[in-house]
**Student:** 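Pasting in a structure now, in structure tokens, and then I'll have a few things to ask.
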Amino acid sequence: MQTDPSHYMIELREVTHAYKTKAGPLPVLDNLSIKIPENSFCAVVGPSGCGKSTLTRLVSGLMKPNEGQVWLHNKLVTSPRPTVGMAFQNPVLLEWRTILQNILLPLEIVKSPMSKAEAVERAHHLLDLVGLTGFAEKRPSELSGGMRQRASLCRSIIHKPDVLILDEPFGALDAFTREDLWCTMHDLRAQEPFTCLLITHDLRESVFLADQVVVMSGRPAHAQYVLDVDIPGKRTLDDLYAPKAVEMLATLRHQIQVAQGRTTDEDAPPPPPKPARSQPIPGAMQ
Amino acid sequence: MNDTARKILAPTLFIVAILGFWEWAVWYNDLPDFRMASPSDLIPRYVQFWDLFLVKSWETLWRTVVGLGLAVVVGTLIGMVMGFSQFAREGLYPILVGFNAIPKATVVPIVALMFVGQHDFNTVLIAFMISFFPIAVSVSIGLSTLEPEYRDILRSLGASNFTIFWKIALPKTLPEFFGALKVAVTLAFIGTNLMEIVSPHGRGLGDLFDSGRISADYPLMFAVLFALAALGILLFYVVVFLERIFAGWAERSPG
Ligand SMILES: Nc1ncnc2c1ncn2[C@@H]1O[C@H](COP(=O)(O)OP(=O)(O)OP(=O)(O)O)[C@@H](O)[C@H]1O
Ligand SMILES: [Mg+2]
């Protein structure tokens, strides 16, 4: 196994991991390798239960892999690091704190050059960005699921981490808010660059946000397919309807079907986009 | 009717109705004092023994509170050990259950013999022994059932275990802790009185009760019961008040 330091911001080298369960070991990751350069954006998609959240826990140092290496910032990951920001799939907020206090929580752990006043100002600024203006003094129990997700997103970046790990952060959002937040993510990255690992189940989201999309296979998962998204310049939502993007989406959709085991033909070209259905579906009117 | 008015008026109304019925029932059945006292008999006793009531109530009160304080400290410590270590939990649990199952009335004479003459110490000890169990159990359950997600928020930033306990586990357990404290406060109160009555040593409301019993002064015995109820209510609502302050966030607004 290679041991020379990684030149990427995040690198997984042949990571294999199994959970210990009552019914014996459950293999989740199998020789998974991913390379993410500094300040680039990597989206990971894959079937439910294939090990995406496991991947985030390995990169953040919450767990150690059974085999293989996880590199972060040219160092082998052995324990969590304060330069990482993380938003979990289940956005737990501390019920006894206000939203503002929740967002400021990382700064109570991580040393930061920000003063208290600057931190509060930044928190309010982030709340504005995600559309939660005026909710700073509310309790988490007064927020909807999607609002809590957005608050947890603010918490993950309050300390200006250089690596951001997001586990389906937009999952509980309606389509319009979601698309707004995609644009917010682009703006944020333009203002303060960071390397991002995003788990998502939304293929359009992955293509719109990422520089590379990794498709994970079914469990035990490896990197089944890597798509380089080269849409140069500032992206707009209209780019998603350009022929190039449509083609990328079709490729990803096909790869997901392979990962789910619905198709075995890995090398088959993506099916051409189907014309919109104009006839009534037989039997649908009964 | 507004909220506060109702909160005062409703209990008052019920108390007056119950006392009225009691007074009527004793009068209607023509029961003599040595069979059943009526509320109107109690007032002369309070007037006659007012100073004694104050002194004895204070003795019962402070010994209960000290016993409870001890139960909070020791119970929380045991709960923490059991909450963080599965080994300690499995080892200590049967012992705690067994200890809790022993009727404390049987422990009173033993304690009184072990520490002869140390009446205040003995009373505090019994109050403590009878009340630490629910606190230990609730704290241990609160800590051991803390969802890993809560821990991960801080762990992913490299926080120490102590920081995680202080910022997450402790506040998160407070609602369970206060739930147990409400049970424990009543239990500690029972413990104090148990000592005062089973092993009479001239202190506390239990002593006043005992003198009522010896002199067959039924109205005095009932007067003591009411004083005990008043103290119990006082202690309970002090806990409720503290709960509002420290764990008020756990209360969902209705609707
Ligand atoms: N702590 C654990 N102990 C045992 N098994 C686990 C544990 N966490 C996850 N698993 C199992 O590992 C597999 C991968 O879990 P993981 O949460 O990484 O999936 P995922 O890709 O994030 O799924 P989803 O898209 O539904 O969020 C699942 O089959 C799950 O049952
Ligand atoms: Mg997941």
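Proteins get letters first, then strands, A, B, ... in listed order; numbering begins at 1 in each. Atom set for the values below is all heavy atoms of this structure, side chains included, hydrogens, waters and symmetry mates excluded.
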**Student:** Which one, Gly158(B), Ala247(B), Pro171(B), leads in non-hydrogen pairs under 4.5 Å with chain A?
**Tutor:**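 Of the options given, most contacts go to Pro171(B).
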**Student:** Measure the spacing between CE of Met86(A) and CZ of Arg155(B) and express it to the nearest 0.5 Å.
**Tutor:**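 So the CE of Met86(A) and the CZ of Arg155(B) are separated by 10.0 Å.
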**Student:** More than 12 heavy atoms of other residues, nucleotides or ligands under 6.0 Å from CD of Gln86(B): yes or no?
**Tutor:**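 Not buried by this count: 12 neighbours or fewer within 6.0 Å.
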**Student:** Flag the one option from Gly61(A), Pro106(A), Ser60(A), Pro80(A) with the top tally of heavy-atom pairs under 4.5 Å to chain B.
**Tutor:**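 Sorted descending by pairs with chain B, the first entry is Pro80(A).
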**Student:** Is the number of heavy atoms from other residues, nucleotides or ligands within 6.0 Å of NZ (Lys104(B)) greater than 12?
**Tutor:**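 Counting other residues, nucleotides and ligands, NZ of Lys104(B) exceeds 12 neighbours.
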**Student:** What is the minimum heavy-atom distance between Ser156(B) and Leu62(A), and which atoms define it?
**Tutor:**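 In this case the closest contact between Ser156(B) and Leu62(A) is N-CD2, 3.7 Å.
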**Student:** A quick test of your reading: do over 12 heavy atoms of other residues, nucleotides or ligands sit less than 6.0 Å from NZ of Lys182(B)?
**Tutor:**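 Count over threshold, so yes.
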**Student:** Could you look at Ile168(B) and say if it's the side chain, the backbone, both or neither that has a heavy atom under 4.5 Å from chain A?
**Tutor:**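 Backbone plus side chain of Ile168(B), per the 4.5 Å heavy-atom cut-off to chain A.
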**Student:** Crowded around Phe178(B) CZ? As in, over 12 foreign heavy atoms under 6.0 Å?
**Tutor:**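 Yes, the 6.0 Å shell around CZ holds more than 12 heavy atoms from other groups.
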**Student:** Apply side chain to side chain contact (heavy atoms under 4.5 Å, CB included) to Ile153(B) and Leu94(A), showing your working.
**Tutor:** CA-CA 10 Å; Ile153(B) 304 171; Leu94(A) 311 181; 4.1 Å; yes
**Student:** Using the ring of each side chain (for Trp, its six-membered ring), is Trp96(A) parallel, tilted or perpendicular to Tyr150(B), with breaks at 30° and 60°?
**Tutor:**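 Parallel: the ring planes of Trp96(A) and Tyr150(B) meet at under 30°.
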**Student:** What part of Arg139(A) lies closer than 4.5 angstrom to a heavy atom of chain B: side chain, backbone, both or neither?
**Tutor:**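 Arg139(A) touches chain B through side-chain heavy atoms alone.
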**Student:** Please classify the contact of Leu93(A) with chain B as side chain, backbone, both or neither, using a heavy-atom distance under 4.5 Å.
**Tutor:**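 For Leu93(A), backbone heavy atoms alone lie under 4.5 Å from chain B.
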**Student:** Using non-hydrogen atoms only, which part of Val110(A) is less than 4.5 Å away from chain B: side chain, backbone, both, or neither?
**Tutor:**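 Val110(A) touches chain B through side-chain heavy atoms alone.
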**Student:** I'd like to know whether CG of Asn161(B) has more than 12 heavy-atom contacts from other residues, nucleotides or ligands below 6.0 angstrom.
**Tutor:**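 Result for CG/Asn161(B): open.
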**Student:** Is it the case that atom CD in Glu149(B) sees more than 12 heavy atoms from other parts of the structure closer than 6.0 Å?
**Tutor:**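 Correct, the count exceeds 12.
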**Student:** Taking atom OH as the centre, does Tyr19(A) end up with more than 12 heavy-atom neighbours from other residues, nucleotides or ligands that are less than 6.0 angstrom away?
**Tutor:**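 Check passes, neighbour count above 12.
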**Student:** About how many Å separate CG of Asn90(A) and CG of Asp152(B), when rounded to the nearest 0.5 Å?
**Tutor:**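 It is 10.5 Å, given to the nearest 0.5 Å.
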